[in-house]
Student: 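Could you have a look at this structure, given as structure tokens, before my questions?
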Amino acid sequence: MPKRILVTGGAGFLGSHLCERLLEGGHEVICLDNLFTSQRSNIEHLLGQPRFEFARHDVTSPFSFEVDEIYNLACPAAPGHYQYNPIRTIKTSFIGTMHALGLAKRVGAKILQASTSEVYGDPDIHPQPESYRGCVNPIGPRACYDEGKRAAETLMFDYHRMHKVKIKVARIFNTYGPRMHPYDGRVVSNFIRQALANETITMYGDGMQTRSFCYRDDLIEAMIRLMNTNDTITGPINIGNPDEFTILDLAKKVVAISGSKSKIETGRPLPADDPKQRCPNITIAKRELGWEPAIKLDVGLKKTIDWFRTVDLSSVRAPTPNY
Ligand code: NAD
Ligand code: UDP
């Protein structure tokens with residue numbers, strides 16, 4: 001049955017794809033975003049559609065819509081973006097989620113929180129299951145994001161226990177794909193931009209740190225499945241691709257797939273508190289959602305590189321100087 005659905009952060013990388021998928025499913029979609037780390041061009045193709053509405057708004061101020069479901073994605077996600085104004089970041093995570101939950105409570109909507117693998121910090125258990133409580137430095141430069149997302153999870157479960165709000169918490173691991181912000185400073189976008197310009201690939205540290213990269217279509221599919229599972233399934237549920245790669249492996253793949261002449265230069269300073277290993281245990285997602293990623297890194301990178309080739313970088317606004 002068609003539903004009315006609010007997507008906060010709906011103009012962003014993941015949010016804009018989610019809006020597309022929900023529209024394709026026949027739903028009415030309200031996209032709420034302050035365009036901090038995104039651009040109107042991400043949703044321009046949706047603006048004329050009768051079931052799509054855009055509201056430019058900051059989630060740290062209250063908002064109200066009659067909706068059946070809320071996907072709460074509003075929050076800068078790339079380290080360079082969330083560290084630019086860390087106080088705004090933690091406010092966005094905490095106050096934004098509180099406003100979204102208040103709305104869910106008032107109108108009886110189900111709410112899904114886009115949480116993150118960063119709740120595990122620099123983990124000492126590998127791969128990370130949902131039961132792992134994490135190893136986060138609460139006073140470091142990543143804390144505005146990590147602790148903001150942890151507090152948002154706390155709010156979700158307290159609204160659930162106190163007010164019976166129907167909640168879903170997705171812990172998202174590194175996700176990539178077309179429409180990533182080219183200047184978000186994240187590893188996939190940096191390496192692809194550098195490779196396409198035949199510039200030096202900037203490796204922080206020795207490149208032996210690992211990440212597990214999920215293609216955006218796999219991720220969006222899992223989020224929609226999670227929202228539509230039985231109400232007893234609250235999560236948290238890890239959503240990510242368990243294929244783990246070193247950052248050096250990633251650089252080599254990007255150079256090879258793009259046919260670049262770039263040299264890979266290791267030894268740049270590692271960012272503070274950079275997690276050494278990250279890989280999701282997705283046993284629960286497999287069991288509860290019947291989901292596992294279908295798109296291998298080589299295939300997803302090729303699609304992403306092909307998209308980057310079409311982007312006119314001069315038309316893209318860098319949200320912060322930190323890329
Ligand atoms: P993104 O930066 O492209 O999207 C975030 C969106 O939120 C942007 O459109 C931005 O303008 C908007 N936003 C930021 N602050 C806001 C505010 N105060 N009010 C209203 N809108 C605001 O990032 P993304 O990669 O699409 O991430 C979406 C969500 O998924 C985030 O909550 C992020 O924490 C989470 N997540 C993403 C990843 C990933 O690898 N992409 C991993 C873990 C979690
Ligand atoms: N990284 C890198 N070079 C870059 C950007 C990132 O070596 O130009 C490394 C970074 O130190 C980290 C990994 O790549 O170990 C992933 O970084 P990203 O910022 O994409 O996301 P994170 O998972 O750290 O939030």
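Reckoned from all heavy atoms, side chains included, excluding hydrogens, waters and symmetry mates. We count ligands from 1, going down the list as the structure has it; atoms in each ligand are counted the same way.
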Student: Taking distance alone, with N or O pairs closer than 3.5 Å, would you say Arg186 contacts ligand 2?
Tutor: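 By distance alone, the answer is no.
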
Student: I'd like to know whether ligand 1 has Arg216 as a neighbour, heavy-atom separation below 4.0 Å.
Tutor: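 Judged by the 4.0 Å heavy-atom criterion, Arg216 does not count as contacting ligand 1.
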
Student: With heavy atoms of Leu35 as the reference, note each atom of ligand 1 found under 4.0 Å away.
Tutor: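 Numbered from 1, ligand 1 contributes 11 (O).
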
Student: With a 4.0 Å cut-off on heavy atoms, does Glu118 reach ligand 2?
Tutor: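 Yes, Glu118 has heavy atoms under 4.0 Å from ligand 2.
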
Student: When you measure from atom 9 (O) of ligand 1 to every protein heavy atom, which one gives the shortest distance, and what is it?
Tutor: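 Here the nearest protein heavy atom works out to Asp33 OD2, 2.5 Å.
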
Student: Tell me which one of Glu69, Glu28, Glu53 satisfies salt bridge (Lys or Arg N to Asp or Glu O under 4.0 Å) with Arg4.
Tutor: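 Of the listed residues Glu69, Glu28, Glu53, the salt bridge (Lys or Arg N to Asp or Glu O under 4.0 Å) partner of Arg4 is Glu28.
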
Student: Say whether Gly96 and ligand 1 are in contact under the criterion: heavy-atom distance to a ligand atom below 4.0 Å.
Tutor: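 No.
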
Student: Within ligand 2, which atoms have a heavy atom of Asn190 less than 4.0 Å away?
Tutor: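 This gives 4 (C), 5 (C), 8 (O) as the contact atoms.
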
Student: side-chain contact (heavy atoms from CB on, under 4.5 Å) with Ser212: which of Pro280, Pro293, Pro127?
Tutor: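 Of Pro280, Pro293, Pro127, side-chain contact (heavy atoms from CB on, under 4.5 Å) with Ser212 is met by Pro280 alone.
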
Student: Can the ring centres of Tyr176 and Tyr215 be said to be less than 6.0 Å apart?
Tutor: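 Here the rings of Tyr215 and Tyr176 have centres that are less than 6.0 Å from each other.
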
Student: For ligand 2, which atoms have a heavy atom of Arg142 less than 4.0 angstrom away?
Tutor: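 Counting atoms of ligand 2 from 1, those under 4.0 Å from Arg142 are 22 (P), 24 (O), 25 (O).
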
Student: Does ligand 1 have any atom that is closer than 4.0 Å to a heavy atom of His57?
Tutor: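 In this structure, His57 qualifies as a contact of ligand 1 - some heavy atom is under 4.0 Å.
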
Student: Relative to the heavy atoms of Thr116, which atoms of ligand 1 are at a distance of less than 4.0 Å?
Tutor: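 Answer, ordered by atom number: 43 (C), 44 (C).
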
Student: Under 4.0 Å from a heavy atom of Phe13: which atoms of ligand 1 are those, numbered in the order shown and with their elements?
Tutor: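 By the 4.0 Å cutoff, the relevant atoms are 3 (O), 25 (O), 26 (O).
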
Student: Which atoms of ligand 1 have any heavy atom of Ala74 under 4.0 Å away?
Tutor: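 Heavy-atom distances to Ala74 below 4.0 Å select 7 (O), 20 (C), 21 (N), 22 (C).
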
Student: Inspect the contact between Asp33 and Arg56 and indicate whether a charged nitrogen and a carboxylate oxygen are less than 4.0 angstrom apart.
Tutor: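 Looking at Arg56 and Asp33, the cut-off is not met.
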
Student: Would you say Tyr204 has any N or O atom under 3.5 Å from an N or O of ligand 2, going by distance alone?
Tutor: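 Yes; the residue has a nitrogen or oxygen that sits under 3.5 Å from a nitrogen or oxygen of the ligand.
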
Student: Which atoms from ligand 2 have a heavy atom of Gln209 less than 4.0 Å away?
Tutor: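 What qualifies from ligand 2 is 9 (C), 11 (O), 15 (O).
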
Student: Note the single closest protein heavy atom to atom 18 (P) of ligand 2, along with its residue, its atom name and the distance in Å.
Tutor: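 Heavy-atom neighbour on the protein nearest atom 18 (P) of ligand 2: Val187 N, 3.8 Å.
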
Student: Looking at Lys110 and Asp68, is any side-chain nitrogen of the basic one under 4.0 Å from a carboxylate oxygen of the acidic one?
Tutor: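 A salt bridge is absent here (no side-chain N lies under 4.0 Å from a carboxylate O).
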
Student: Can you tell me the protein heavy atom closest to atom 28 (C) of ligand 1 and the distance?
Tutor: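 Minimum-distance protein heavy atom for atom 28 (C) of ligand 1 reads Leu73 O, 3.8 Å.
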
Student: Using 30° and 60° as the class boundaries, would you call the ring planes of His160 and Phe157 parallel, tilted or perpendicular?
Tutor: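 Perpendicular: the ring planes of His160 and Phe157 meet at over 60°.
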
Student: Which atoms of ligand 1 have any heavy atom of Leu14 under 4.0 Å away?
Tutor: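 Near Leu14, meaning under 4.0 Å from one of its heavy atoms, ligand 1 has 26 (O), 30 (O), 37 (C), 41 (N).
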
Student: If we only consider heavy atoms of Arg171, is any one of them less than 4.0 Å away from an atom in ligand 1?
Tutor: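 It does not, in that no heavy atom of Arg171 comes within the 4.0 Å cut-off of ligand 1.
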
Student: So which protein heavy atom does atom 13 (C) of ligand 2 come closest to, and at what separation?
Tutor: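 I find the closest protein heavy atom is Ile247 CD1, 3.7 Å.
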
Student: Below 4.0 Å from ligand 2: does a non-hydrogen atom of Arg278 turn up there or not?
Tutor: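 Flag set, Arg278 near ligand 2.
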
Student: In terms of residue, atom name and distance, what is the protein heavy atom nearest to atom 23 (O) of ligand 1?
Tutor: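 Its nearest protein heavy-atom neighbour is Ala77 CB, 3.5 Å.
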
Student: List every atom of ligand 2 that sits less than 4.0 Å from any heavy atom of Pro271, numbering the atoms from 1 in the order shown and giving each element.
Tutor: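 Those atoms are 11 (O).
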
Student: Give the residue, atom name and distance (to 0.1 Å) of the protein heavy atom nearest atom 21 (O) of ligand 2.
Tutor: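 Its nearest protein heavy-atom neighbour is Asn174 ND2, 3.7 Å.
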
Student: Heavy-atom count around Arg106 CZ within 6.0 Å, excluding the residue itself: above 12?
Tutor: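 Atom CZ in Arg106 is crowded, with more than 12 foreign heavy atoms closer than 6.0 Å.
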
Student: When you measure from atom 38 (C) of ligand 1 to every protein heavy atom, which one gives the shortest distance, and what is it?
Tutor: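 Here the closest protein heavy atom is Ile172 CG2, 4.0 Å.
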
Student: Nearest protein heavy atom to atom 41 (N) of ligand 1, by residue and atom, and its distance?
Tutor: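 The answer is Arg186 NH1, 3.0 Å.
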
Student: Any carboxylate oxygen within less than 4.0 angstrom of a Lys/Arg side-chain nitrogen, looking at Lys149 and Glu153?
Tutor: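 Glu153 and Lys149: not salt-bridged.
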
Student: Which residue owns the protein heavy atom closest to atom 8 (C) of ligand 1, what's the atom, and how far is it?
Tutor: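 Closest protein heavy atom to atom 8 (C) of ligand 1: Thr37 OG1, 3.2 Å.
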
Student: Only heavy atoms count here, so choose which of Asp146, Asp274, Thr202, Ile201 is nearest to atom 10 (C) of ligand 2.
Tutor: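 Among Asp146, Asp274, Thr202, Ile201, the closest heavy atom to atom 10 (C) of ligand 2 comes from Asp274.
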
Student: Taking 4.0 angstrom as the limit and counting only heavy atoms of Asn174, give me the atoms of ligand 1 inside it, by number and element.
Tutor: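 What qualifies from ligand 1 is 40 (O).
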
Student: Does Ser117 have a non-hydrogen atom less than 4.0 Å from ligand 1?
Tutor: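 Outside the 4.0 Å threshold, so no.
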
Student: Can you tell me the protein heavy atom closest to atom 5 (C) of ligand 1 and the distance?
Tutor: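 The closest one turns out to be Cys75 O, 3.3 Å.
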
Student: Judged on heavy-atom distance to atom 19 (O) of ligand 2, which of Pro275, Pro79, Ala251, Ser212 sits nearest?
Tutor: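 That would be Pro79.
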
Student: Which protein heavy atom lies closest to atom 36 (N) of ligand 1, and at what distance to 0.1 Å?
Tutor: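 The answer is Tyr145 OH, 3.8 Å.
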
Student: If the cut-off is 4.0 Å to any non-hydrogen atom of Met203, which atoms of ligand 2 fall inside it?
Tutor: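 Result: 7 (O).
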
